[in-house]
Participant: 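Below are the structure tokens for one structure; questions will follow.
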Amino acid sequence: MAGQKQERRPLVAGNWKMNGLKGSLSEITAIRDALSGPLAAVAADVLIAPPATVIASFAAAVAGTRLALGAQDCHAKPLGAHTGDISAEMLKDAGASAVIVGHSERRADHGETSAEVRAKAAAAHRAGLVAIVCIGETQGERAAGATLSVVSRQLKASLPKEINGANTVIAYEPVWAIGTGLIPTASDVEAVHAAIRQDLKDIAGAEGSSIRILYGGSVKPDNAATLLSVANVDGALVGGASLKASDFLAIVRAYEGK
Ligand code: 13P
């Protein structure tokens, strides 16, 4: 679309992974209250993806506020004989507005392929959820100089048809940076995000400029401002530092005054 707005509203998202019980509601309410209080002027979307077991109860606490909830995975089908699985429609019904798909831990632990990730992202869209599609290279792939080719291949194979800035977010998460305290240099992040941006434009035309690209992997309060100021970094997908409201909010503050 000609004349489409190029500006992207940042998204700071927390992935709680397999952490969080009903009692963790206090972290959610602390984030919620900060977003309507001291951080009310911060122009960023904010989302927490807790375990599926608590989405419905947390949703009641954040209804009508700036804090959105996401899930961490979904099945590709809407319903059926798939014991233990959860569909995108069920997550939507529980109060999620987004779902992370293709996280490297699921690709590694559950052997998820990019084709499966693509089907899950399509399921998210079918259900009216934003798909947060994760991609990223391993340490070995980086050492072999294959980062850009791996990320590009994963991206193209993991995206369903008809992606746009409203229904899809990309999360670039180098596998070796997750939970390790290691982070790429700002120029490395810039190079990968620029390549992803170009791929998105090739795939989706002008819409490719409106799709947010998050960085994930050891984002902490003390490195957030640097990482989030890199070109084409439209926010963060935060793991460990999203479990405590104070740490997570310190990362959101990187967008204060922006
Ligand atoms: P950490 O922030 O704990 O490195 O995790 C990143 C991540 O995997 C988010 O999805």
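In listed order, ligands and their atoms are each counted from 1. Sequence positions, counted from 1, serve as the residue numbers for this chain.
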Participant: Are any of the N/O atoms on Glu173, whether in the backbone or the side chain, positioned under 3.5 angstrom from an N/O atom of ligand 1?
Facilitator: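 It does: an N or O of Glu173 is found under 3.5 Å from an N or O of ligand 1.
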Participant: Looking only at heavy atoms of Ser218, does any of them come nearer than 4.0 Å to an atom of ligand 1?
Facilitator: yes
Participant: Using a 4.0 Å heavy-atom cut-off, say whether Asn15 meets ligand 1 through its side chain, its backbone, both or neither.
Facilitator: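 The answer is the side chain of Asn15.
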Participant: Is the shortest N/O to N/O distance between Gly240 and ligand 1 below 3.5 Å?
Facilitator: yes
Participant: Measure the distances from the heavy atoms of Lys17 to every atom of ligand 1 and state whether one is below 4.0 angstrom.
Facilitator: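 Contact present.
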Participant: Please say whether Gly179 places an N or O atom under 3.5 Å from an N or O atom belonging to ligand 1.
Facilitator: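 Between Gly179 and ligand 1, an N or O pair is found under 3.5 Å apart.
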Participant: Applying a heavy-atom cut-off of 4.0 Å, say which part of Ala177 lies close to ligand 1: side chain, backbone, both or neither.
Facilitator: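 Just the backbone.
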Participant: So if I apply the side chain to side chain donor-acceptor pair (under 3.5 Å) rule between Asn232 and each of Arg197, His193, Gln198, which one comes out positive?
Facilitator: Arg197
Participant: Would one find more than 12 heavy atoms of other residues, nucleotides or ligands at under 6.0 Å from atom CD of Gln139?
Facilitator: yes
Participant: Considering only heavy atoms of Gly217, which atoms of ligand 1 have at least one such atom less than 4.0 Å away?
Facilitator: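 Here the atoms of ligand 1 in question are 4 (O), 6 (C).
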Participant: Find all atoms of ligand 1 within a distance of less than 4.0 Å from any non-hydrogen atom belonging to Leu237, and give their numbers and elements.
Facilitator: 9 (C), 10 (O)
Participant: Going by distance alone, is a donor N or O of one side chain under 3.5 Å from an acceptor N or O of the other, for Ser24 and Glu27?
Facilitator: no
